[in-house]
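These notes concern the structure reproduced below.
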Amino acid sequence: MIQIQDRSASNIRVRMERKADGWRFVSPIEAEADTDRVRAMLADWQTLEGREFKRASADSGDWDREELLLTVEGLNTRETLSFAPRDEESAFYLARMEGYDTVFEVERGNVEELRNVQAALREKRILHKHAEEWTSLEIRHGDLSTTLQQLEGGAWQVLNTDSEGELQTRPADLEMIGKVRILMRDMEAVRFVSDAPSETDIVRFGLDAPQRIVILRKADGTTVEFSIGNISRDERETLLYGTTSQQASVFLVRPHVLSRLPLDPMYYRERVIRALPDSAQIESVHLEDTETGQQHIFEQSSDEVAATTIRSYLKTVQVDRFLSKTFSNPLQLDRNTTLPWTFKLVADAVFDEATQEKPEQIVLYLTDRLGGTTQYIGDPASGLVGILPRDIIELLDPLMAEFPEDPGLPNPVEAPVDNP
């Protein structure tokens, strides 16, 4: 047990107790403490050195201004240190151990830190104890929801209900699952706003109709809810109000937390459009202008690096992220914006005789490059549309630039020949 009594602040008593799962505040509020920081504080005080030791009677006048008491209690021990300030300009406090008549000096900074332990030692990682244990995570906003769910074999899937009320399931991207776990584990409260918010506060903070509700479910059925509300009117930085079902406290988090929890199920989907078995071989590949029919053939003999790279990519076609759009020709980005598929990648794949699969032609459509890292790829067979990886964009870009017809040079004007 650790108790800090501040007689200069309405005699506030902050009390912490060590539980089976770590340190907790038990007074004046119930809250989780940062166990590592509590241990560090105890280690600092156990090795703290005093100076100017003398008998208490020599400074009895100063000792009348005793302000702080630090009590540390173990199984069979209990020790209390009392502190009294010398004056505002002094760099030291007077200190005395209970039961002894000797006083000594302790650096002011160490003592002043005790006044702020309720904020400094409070656990700011809101969901860290649940971040590694959940087997299902649901993200909600109003009637919309997307769920990440672990299957019995260890694989993950994304579930959501479409506009027609049909349940849709897709394979989830394991790297994205890992990023969500890290987000849940490392997310910190910038600061705590209220430990006993009123109903009016809840409405003002936007937590009665949150922008996101994240529900973490464990294998044993227990759940934890984390809600994100309105933007704080803090002039220093943009922050969002948050709370959990574990405690009534309201805190502030940074806005990246909201941006990394989109509702779009395609954000969490496995990034593979299609994949061929290891035994399959790509026999030929060409890039074709859909308007003119001009082709660039990837020949091993003329450009081995490009040909090898594009064949490897077509064995497992991946994207940086998917669009929540079904393949259409032209690509319908929104109600008023369409993009033509200006090129297509065509490849012939053959399979091992043991598979008894027939040769297959792969046809993937490409838009123009729209920016440094944006170019869309569409697969009419699966209906999926995504953004090409940057290395493939860079590989194809100079080849696409070759397709426009060479305007040629004007015919040279023949110089007149002088008659002799």
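- Here the side chain of Asn116 pairs no donor or acceptor atom with the backbone of Ala119 at under 3.5 angstrom.
- In the displayed structure, Glu133 atom CD is contacted under 6.0 Å by more than 12 heavy atoms of other residues, nucleotides or ligands.
- Pairing each heavy atom of Leu314 with each of Ile362, the nearest pair is O-CD1, 4.4 Å.
- A salt bridge between Glu73 and Arg18 is absent, with no side-chain N of the basic residue lying under 4.0 Å from a carboxylate O of the acidic one.
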Go through the steps for Val117 and Met41 under the test side chain to side chain contact (heavy atoms under 4.5 Å, CB included), then give the verdict. CA-CA 10 Å; Val117 292; Met41 184 197 76; 4.1 Å; yes
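- Residues passing the salt bridge (charged side-chain N to carboxylate O under 4.0 Å, His left out) test with Arg51, sequence neighbours excluded: Glu105.
- In this structure, the side chains of Arg24 and Glu30 come closer than 4.5 Å at one or more pairs of heavy atoms.
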So Glu98 and Arg96, salt bridge (charged side-chain N to carboxylate O under 4.0 Å, His left out) or not? Walk me through it. CA-CA 6 Å; Glu98 185 180 55; Arg96 180 172 60 179; over 6 Å; no
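- Listed for the Asp201 side chain is a donor-acceptor partner under 3.5 Å among the backbone atoms of Ser198.
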How far apart are the C-alpha atoms of Gln375 and Thr367, what are their side-chain angles, what is the distance that settles it, and do they pass the side chain to side chain contact (heavy atoms under 4.5 Å, CB included) test? CA-CA 6 Å; Gln375 185 172 9; Thr367 66; 4.0 Å; yes
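- Using a 3.5 Å distance cut-off with no hydrogens or angles, the side chains of Tyr93 and Glu112 do pair a donor with an acceptor.
- Seen from the ring of Phe92, Arg108 does not count as a face-on cation partner, given the 6.0 Å and 45° thresholds.
- Judged by distance alone, the side chain of Ser312 and the main-chain N or O of Thr308 form no donor-acceptor pair under 3.5 Å.
- Judged as a side-chain contact (heavy atoms from CB on, under 4.5 Å), and not counting sequence neighbours, the contacts of Leu207 are Ile202, Phe205, Ser227, Thr243, Val250.
- In this structure the side chain of Asp21 reaches within 4.5 angstrom of the side chain of Lys129, judged on heavy atoms.
- Side-chain contact between Leu345 and Phe298 is present, with heavy atoms from C-beta onward closer than 4.5 Å.
- Using a 4.0 Å cut-off between charged nitrogen and carboxylate oxygen, Arg115 and Glu67 count as a salt-bridge pair.
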Could you give me the CA-CA distance, side-chain angles and deciding distance for Arg140 and Glu138, then say whether salt bridge (charged side-chain N to carboxylate O under 4.0 Å, His left out) is met? CA-CA 6 Å; Arg140 289 182 184 172; Glu138 183 180 359; 2.8 Å; yes
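- Side-chain contact between Arg185 and Met187 is absent, with no heavy-atom pair separated by less than 4.5 Å.
- Side-chain N or O atoms of Thr290 include one that pairs as donor or acceptor with a backbone N or O of Trp341 at under 3.5 Å.
- In the displayed structure, Leu370 atom CG is contacted under 6.0 Å by more than 12 heavy atoms of other residues, nucleotides or ligands.
- Using a 4.5 Å heavy-atom cutoff, the side chains of Ser82 and Leu69 are in contact.
- For Arg181 (side chain) and Ala131 (main-chain N/O), a donor-acceptor pair under 3.5 Å exists by modelled atom type.
- Between the side chain of Thr47 and the backbone N or O of Ala43 there is at least one donor-acceptor pair closer than 3.5 Å.
- Of the possible donor and acceptor atoms, none in the side chain of Arg37 sits under 3.5 Å from a partner among the backbone N and O of Glu123.
- Tyr313 pairs with exactly one of Ile282, Leu388, Val285 by the side-chain contact (heavy atoms from CB on, under 4.5 Å) rule, that one being Leu388.
- Partners of Arg212 by side-chain hydrogen bond (donor to acceptor under 3.5 Å, both in side chains), not counting sequence neighbours: none found.
- Between Leu216 and Thr222 there is no side-chain heavy-atom pair separated by less than 4.5 Å.
- For residues 314-327, no residue pair satisfies the salt bridge (charged side-chain N to carboxylate O under 4.0 Å, His left out) rule, not counting sequence neighbours.
- More than 12 heavy-atom neighbours from other residues, nucleotides or ligands sit within 6.0 angstrom of CD on Glu360.
- In terms of heavy-atom proximity, Ala349 sits nearest to Leu276 at CB-CD1, 4.0 Å.
- Among the candidates Lys19, Arg125, His128, the single residue satisfying the side-chain hydrogen bond (donor to acceptor under 3.5 Å, both in side chains) test with Glu32 is His128.
- In the model, Asp368 has a side-chain atom that pairs as donor or acceptor with a side-chain atom of Thr342 under 3.5 Å.
- In this structure, Thr309 contributes its side chain and Val305 its backbone to a donor-acceptor pair below 3.5 Å.
- Heavy-atom minimum distance, Val106 versus Val111: CG1-CG2, 4.0 Å.
- Annotation: cation-pi geometry satisfied between Arg122 and Phe192 (NZ/CZ under 6.0 angstrom from ring centroid, within 45° of ring axis).
- Gln295 contributes no side-chain N or O that, together with a main-chain N or O of Ile297, makes up a donor-acceptor pair within less than 3.5 Å.
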Stepwise, does the side chain to side chain contact (heavy atoms under 4.5 Å, CB included) test hold for Leu323 with Leu333? CA-CA 9 Å; Leu323 273 64; Leu333 288 179; 3.9 Å; yes
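- Residues Leu384 and Met266 come closest through the heavy atom pair CD2-CE, 3.9 Å.
- The shortest heavy-atom contact between Asp195 and Pro197 is C-CD, 3.6 Å.
- Counting non-hydrogen atoms of neighbouring residues, nucleotides and ligands closer than 6.0 angstrom, the CD atom of Glu199 reaches no more than 12 such neighbours.
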Asp34/Lys124 under salt bridge (charged side-chain N to carboxylate O under 4.0 Å, His left out): CA gap, chis, key distance, verdict: CA-CA 7 Å; Asp34 187 322; Lys124 294 180 174 62; over 6 Å; no
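- Heavy atoms only, all atoms of each residue included: Asn230 and Arg204 are closest at ND2-O, 3.4 Å.
- Under the 4.5 Å side-chain criterion, counting only non-hydrogen atoms from C-beta, Glu188 is not in contact with Arg254.
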Please set out all donor-acceptor pairs under 3.5 angstrom arising from side-chain atoms of residues 146-159, sequence neighbours excluded.
unit_1, atom_1, unit_2, atom_2, d
Thr146, OG1, Leu263, O, 2.4
Gln149, OE1, Gln157, NE2, 2.8

Could you walk me through whether Leu364 and Val346 pass the side chain to side chain contact (heavy atoms under 4.5 Å, CB included) test, one step at a time? CA-CA 7 Å; Leu364 300 169; Val346 182; over 6 Å; no
Salt bridge (charged side-chain N to carboxylate O under 4.0 Å, His left out) between Arg269 and Asp173, worked out: CA-CA 5 Å; Arg269 189 196 191 282; Asp173 184 74; over 6 Å; no
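- Dense packing is recorded around CD of Glu17, with more than 12 heavy atoms of other residues, nucleotides or ligands lying under 6.0 Å away.
- Residue pairs meeting the ring pair (Phe, Tyr, Trp, His ring centres under 6.0 Å) criterion with at least one partner in residues 22-51, sequence neighbours excluded, are Trp45-Phe83.
- No more than 12 heavy atoms of other residues, nucleotides or ligands lie within 6.0 Å of CD in Glu175, so this atom counts as exposed by the packing criterion.
- For Tyr365 and Phe327, the distance between ring centers is under 6.0 angstrom.
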